[in-house]
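Reading through the structure tokens given below for one structure.
No hydrogens, no waters, no symmetry mates; every other heavy atom, side chains included, goes into these values. Residue numbers start from 1 in every chain, and the chains themselves are labelled A, B, ... in the order their sequence lines are given, proteins ahead of strands. As the structure is a prediction and not an experimental result, all values here were calculated from the model.
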Protein chains: 4
Amino acid sequence: MEPLDQNLQYYTDLAVEAKDMAVQRTGSEIRGVSVNEERKEYSVVTRIKVLNEEAAKSIGKPVGEYITVEAQGMSTNNREIHNKLSGIIAEELEQLIEFDQLKKDPTIFVVGLGNWNATPDALGPKVIHYMMITRHLYDEVPPELKQGLRSVCALAPGVMGITGVQTAEIIRGVVDRVHPDLIIAIDALAARNVSRLGTTIQMSNTGIHPGSGLGKKRTGITEEMMGIPVIAIGIPTVVHASTIASDAIDKLFSSPEFGGTAVQGYQKIDGKFKNRIINEILRPFLGSLVVTPKGIDELIQDMSRCVAGGINIALHPEITVDNISLYLA
Amino acid sequence: MEPLDQNLQYYTDLAVEAKDMAVQRTGSEIRGVSVNEERKEYSVVTRIKVLNEEAAKSIGKPVGEYITVEAQGMSTNNREIHNKLSGIIAEELEQLIEFDQLKKDPTIFVVGLGNWNATPDALGPKVIHYMMITRHLYDEVPPELKQGLRSVCALAPGVMGITGVQTAEIIRGVVDRVHPDLIIAIDALAARNVSRLGTTIQMSNTGIHPGSGLGKKRTGITEEMMGIPVIAIGIPTVVHASTIASDAIDKLFSSPEFGGTAVQGYQKIDGKFKNRIINEILRPFLGSLVVTPKGIDELIQDMSRCVAGGINIALHPEITVDNISLYLA
Amino acid sequence: MEPLDQNLQYYTDLAVEAKDMAVQRTGSEIRGVSVNEERKEYSVVTRIKVLNEEAAKSIGKPVGEYITVEAQGMSTNNREIHNKLSGIIAEELEQLIEFDQLKKDPTIFVVGLGNWNATPDALGPKVIHYMMITRHLYDEVPPELKQGLRSVCALAPGVMGITGVQTAEIIRGVVDRVHPDLIIAIDALAARNVSRLGTTIQMSNTGIHPGSGLGKKRTGITEEMMGIPVIAIGIPTVVHASTIASDAIDKLFSSPEFGGTAVQGYQKIDGKFKNRIINEILRPFLGSLVVTPKGIDELIQDMSRCVAGGINIALHPEITVDNISLYLA
Amino acid sequence: MEPLDQNLQYYTDLAVEAKDMAVQRTGSEIRGVSVNEERKEYSVVTRIKVLNEEAAKSIGKPVGEYITVEAQGMSTNNREIHNKLSGIIAEELEQLIEFDQLKKDPTIFVVGLGNWNATPDALGPKVIHYMMITRHLYDEVPPELKQGLRSVCALAPGVMGITGVQTAEIIRGVVDRVHPDLIIAIDALAARNVSRLGTTIQMSNTGIHPGSGLGKKRTGITEEMMGIPVIAIGIPTVVHASTIASDAIDKLFSSPEFGGTAVQGYQKIDGKFKNRIINEILRPFLGSLVVTPKGIDELIQDMSRCVAGGINIALHPEITVDNISLYLA
């Protein structure tokens with residue numbers, strides 16, 4: 001029995017899903033978790049606050065704030081909606097960043113996590129491609145121009161299989177030389193429900209924690225590790241294949257039509273048996289099989305522009321929803 | 001209930017899987033289907049002949065010969081094994097092509113089907129990238145060199161969403177101008193079992209039939225349509241997500257531990273109920289969700305070289321297992 | 001002495017340059033060549049008509065109309081200017097196409113010439129990437145939608161080194177199956193002056209003639225060969241290196257400071273000597289060395305969007321300068 | 001008069017060219033520069049030692065050792081020759097590295113400089129793609145395996161326009177966290193003669209100095225800056241366009257046929273006049289125009305494999321000329 005697989009079938013990087021699962025498991029709202037929902041243009045914004053360690057334990061996500069923008073329109077091919085969503089991402093991001101807590105004229109370091117050689121993991125590097133980078137020009141710019149632009153630098157270091165180094169080490173090394181005031185880290189995520197793929201953006205002020213993200217197996221990129229605040233932005237690009245198999249079985253048993261004796265049978269055999277079935281189906285790949293839409297390449301392209309647009313608008317006062325198209329070359 | 005989805009959960013492009021499913025369904029070997037298995041270096045070769053229309057109907061694959069090379073080594077990162085497998089592909093391909101049935105100095109037209117913008121569908125175009133193309137040089141080459149090289153041309157036209165034209169129409173148009181003697185069409189396939197992903201190559205003399213392949217929705221590329229023989233080569237790069245969900249439920253019920261009352265419950269509710277569960281899990285994507293290994297980009301790269309190597313060896317007497325590395329720049 | 005090189009040093013695909021060179025050579029305007037210049041937003045539009053065979057011979061370009069849009073803004077990174085230029089390209093293109101001469105509801109076949117594996121030659125395939133393709137949907141679309149969209153199909157076949165087939169043969173094969181009413185062929189061009197790189201678009205109704213374009217060595221894609229009108233669109237992406245060397249020598253001698261005895265020396269030694277010098281500098285590459293801006297990859301990207309935008313606007317009434325950003329995903 | 005351009009026309013990153021130019025200028029060998037030439041299979045190896053500061057000043061290259069491997073075969077499409085050349089690169093590299101001066105079980109940090117979005121500048125990042133990376137596995141490997149593999153990590157940070165940070169800062173940041181014992185930095189170079197393009201590899205123990213390389217405008221990556229030895233490896237991928245123009249004029253005047261009065265004219269007008277001519281030809285691009293072979297994309301691919309092969313062989317005892325093909329997936 002591969003323990004990894006057992007975890008994966010219920011795994012999600014989304015706090016909103018983790019919260020829902022905890023509610024479903026316990027049958028009640030979770031203490032220490034506040035939830036606020038707002039309907040915006042083309043989207044629903046959910047703001048979850050994990051207020052204390054106990055709450056963090058209950059939902060398996062660290063203390064902090066998680067903002068989720070859900071928008072079916074992100075996975076449509078409509079650039080106009082994308083620009084609107086960039087504006088909404090920017091609004092929420094600005095709130096999360098708390099610029100007034102940073103020093104005047106802060107330097108922001110945008111980090112694109114993930115592997116450019118693996119399509120569903122390439123979100124981070126692609127977002128970097130669309131970022132408006134200014135730090136190297138900043139000292140040459142006259143003061144009146146600086147009002148419209150903040151100092152922004154970026155790196156997409158690649159994954160450990162490419163570099164041989166923990167990504168967090170590379171980032172920390174750069175932080176120690178460049179002394180930015182804030183990190184924004186972008187990463188592809190794994191969700192629990194396929195309906196999240198390409199339709200949900202999560203932003204949080206908790207940084208990126210060990211074992212989260214699509215690539216896994218990493219040390220965290222957190223304020224503790226980096227010495228400066230870390231905002232994490234992610235979009236689910238995959239659901240683990242074991243989640244699909246597990247869900248099929250769970251759905252079957254939770255269905256009212258399938259009541260009575262069957263459920264008793266199920267309760268007898270339980271998790272281990274279920275895992276064995278899943279492993280038989282997914283062998284020899286197990287944890288490394290992912291579910292994506294066929295058009296994932298195009299989706300990654302669209303989502304990258306959307307997120308990059310949001311970050312560009314949030315960071316540079318000069319860039320707005322109306323002119324963002326001009327900056328996403 | 002989406003009928004497409006119902007089909008997809010049992011769908012496979014592999015004759016060897018279709019045959020196995022028919023055997024399982026009927027509980028006996030299929031009349032008119034001959035099967036021959038041979039163990040080769042690093043691989044098992046299965047040759048299936050569908051001898052008549054009745055047999056074709058039973059397994060859902062047209063009359064003809066299907067050769068399957070199964071090799072775990074193809075999805076490892078070992079170039080030496082890849083070259084060996086190219087040699088085995090070449091041996092089987094040569095047998096399938098029947099060069100002695102073609103005219104002397106034939107021209108072979110290699111067609112790379114699929115979408116270069118969608119990683120798991122990009123196998124065909126990538127194979128074309130590695131082909132040794134000679135037709136345009138052929139008339140200028142002195143006769144003594146021609147002994148080592150055959151006249152080969154190629155095209156990767158892209159999919160209908162890119163061209164606006166049925167791929168079969170484009171291919172036929174080129175055939176009518178170039179007058180090749182044989183088509184070899186390469187395509188990414190969908191399998192029923194994840195164990196097939198990146199480990200199985202299918203070659204057949206039946207061409208490519210409407211609705212097969214990863215991209216679907218196409219008219220066939222067959223001898224009937226093209227006026228010349230068509231060899232099809234494919235590798236499964238995806239399993240439909242609905243197959244995974246369906247398998248989870250099926251496995252559960254076929255398990256001896258899960259006997260008695262549950263099975264009765266299942267038999268009552270049957271296919272429609274199962275479909276509804278699957279649709280609930282995979283909504284809103286349904287048919288367009290696919291399962292791939294996380295490292296699909298690299299896998300496609302490796303498989304493309306392997307297949308292209310096999311075709312290059314089979315077509316050009318000068319190219320062998322020992323020197324194939326020099327031709328896959 | 002390589003004769004190819006001798007040609008290359010004065011070679012240009014631009015009619016406007018060929019005309020200027022002829023004027024300079026003869027010292028007077030060319031009979032049978034009419035020139036009309038118009039200043040537009042961000043650009044200058046020059047319309048050259050080559051009216052008869054004699055004129056064609058004088059400037060080395062076939063009889064027909066050549067429209068040149070010159071715009072420094074195309075090579076800047078300003079998306080707003082790009083969209084404006086797309087609008088201007090569209091205006092000129094519509095005039096050149098003469099839709100009223102085509103049948104009602106025509107099908108237009110857009111062909112992207114060139115090699116996607118060679119950056120400066122990849123313009124054509126990249127333009128295809130941004131085209132709004134509709135032909136395959138056209139029969140399913142209700143009549144009221146058809147008013148906004150024309151039936152458009154496309155192909156980027158690759159170059160002869162990739163396919164083994166003359167590109168004109170592939171195109172003609174598709175024409176014979178699809179029966180379009182017009183071809184628009186896009187190609188990267190070679191110019192005589194580096195100031196043309198990324199700043200000049202040429203559109204003509206003469207098709208593409210043997211030996212033109214960056215890749216050379218091809219049969220023509222003309223109305224005569226295709227049986228339907230062919231509009232050619234091109235942008236210079238390279239200047240041949242031999243042109244630079246040749247120009248350096250010519251400029252030196254045409255300079256007033258460098259008069260008298262030197263010019264006599266030059267007149268004695270002439271072309272052959274000059275060629276030898278050029279060959280010595282460019283050996284061992286000769287004809288295959290090209291001059292491009294360092295940022296050619298980005299330039300190709302920008303120009304492709306600009307041209308594709310223009311074609312999309314010209315072909316589809318529904319697409320305009322105001323909404324074109326939404327169609328260049 | 002653009003001073004940059006004046007520099008560029010005689011600019012070279014190759015010590016062997018800089019030395020030749022100095023010899024030509026002064027008419028004698030350069031004091032403090034030792035030159036040793038050895039003929040190897042498919043190649044000529046030239047080892048230049050710049051022994052003191054005076055010599056460094058004379059040829060414009062820092063004190064240290066420069067090894068040049070010249071091989072026409074590198075730009076041919078022959079994989080067998082490429083592997084042989086990888087072996088020769090490895091031999092010279094091993095000598096330059098002086099492993100016995102490093103601590104036992106050293107960690108080597110391979111840095112790919114340059115811009116992956118600009119074809120001729122993409123050499124460094126592409127070499128990283130082919131590197132055998134082991135550092136992250138090294139602690140888990142049993143001692144008997146370690147004999148065959150050294151600990152290697154890598155990074156391709158991108159250029160300042162992408163990151164907003166001096167590349168040297170990023171590298172130093174990583175060095176401070178990872179504590180490697182040696183840096184190997186790969187970069188695309190500019191040469192003075194087109195015959196060098198794709199045919200010459202330079203390795204040196206001097207690191208990379210400010211203003212060298214194709215991208216320019218950078219602080220150095222040197223032992224002084226990094227605190228550990230830095231080996232630099234480069235291949236010329238461009239010649240500046242101004243060099244071609246300048247050479248044309250120089251060749252003309254150095255030609256015996258073009259003697260007497262002309263030379264006097266030239267001597268009167270000299271450098272400023274020449275620069276004005278060059279600037280007229282290359283306007284409006286000046287310094288940013290480069291000369292490359294048309295097939296530069298493929299050339300970069302081939303050279304990257306060749307160099308990566310050499311580094312892999314030099315660093316990992318287990319990897320040899322005979323099995324290197326298996327490691328360049």
Side-chain angles (χ1 to χ4, degrees), chain B residues 107-112 115-117 122 125-141 149-180 215 217-219 225-227 308 315-316 329, chain C residues 107-112 115-117 122 125-141 149-180 215 217-219 225-227 308 315-316 329:
Chain B
T107 291
I108 290 100
F109 182 22
V110 185
V111 176
N115 185 349
W116 47 77
N117 290 329
K126 287 235 187 240
V127 168
I128 297 305
H129 178 75
Y130 290 119
M131 289 310 302
M132 170 84 175
I133 300 302
T134 52
R135 180 182 169 275
H136 58 307
L137 308 167
Y138 210 67
D139 290 342
E140 309 165 13
V141 168
L149 295 172
R150 282 208 183 81
S151 170
V152 174
C153 56
L155 190 68
V159 294
M160 201 161 64
I162 291 175
T163 62
V165 180
Q166 284 274 6
T167 301
E169 292 288 338
I170 296 173
I171 301 306
R172 179 64 204 246
V174 176
V175 166
D176 287 349
R177 300 292 299 185
V178 171
H179 305 298
K217 228 198 199 183
R218 60 162 72 113
T219 52
M225 171 77 188
M226 295 297 155
L315 297 187
H316 301 297
Chain C
T107 291
I108 290 100
F109 182 22
V110 185
V111 177
N115 185 349
W116 47 76
N117 291 329
K126 287 237 187 238
V127 168
I128 296 305
H129 178 75
Y130 290 118
M131 291 308 303
M132 171 85 174
I133 300 302
T134 53
R135 180 181 168 275
H136 58 306
L137 309 167
Y138 210 67
D139 290 341
E140 308 166 13
V141 168
L149 294 173
R150 282 208 184 83
S151 170
V152 174
C153 56
L155 190 68
V159 294
M160 200 162 64
I162 291 175
T163 62
V165 180
Q166 283 275 5
T167 302
E169 292 288 338
I170 296 173
I171 302 306
R172 178 64 204 245
V174 176
V175 166
D176 287 349
R177 299 293 300 185
V178 171
H179 305 297
K217 227 198 199 186
R218 60 160 73 113
T219 53
M225 170 77 190
M226 295 297 154
L315 297 186
H316 301 299

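For Thr163(B), the parts lying near chain C are the backbone and the side chain together; criterion is any non-hydrogen pair under 4.5 Å. In this structure, chain B has a heavy atom under 4.5 Å from the side chain of Val178(C), while its backbone stays farther away.
When Ile170(C), Thr134(C), Ile171(C) are compared by the number of non-hydrogen pairs under 4.5 Å with chain B, Ile170(C) comes out ahead. Note: Val174(B) leads Ile128(B), Val174(B), Leu137(B) in heavy-atom pairs under 4.5 Å with chain C.
For Thr107(C), the side-chain hydrogen bond (donor to acceptor under 3.5 Å, both in side chains) criterion is met by Ser151(C), not counting sequence neighbours. For Arg172(C), the salt bridge (charged side-chain N to carboxylate O under 4.0 Å, His left out) partners at least two apart in sequence or on another chain are Asp176(C).
Between Leu155(C) and Pro157(B), the shortest heavy-atom contact is CD1-O, 3.7 Å.
Each of Val152(C), Leu315(C), Leu149(C), Val110(C) was evaluated against Met132(C); a single residue qualifies, Leu149(C), per the side chain to side chain contact (heavy atoms under 4.5 Å, CB included) test.
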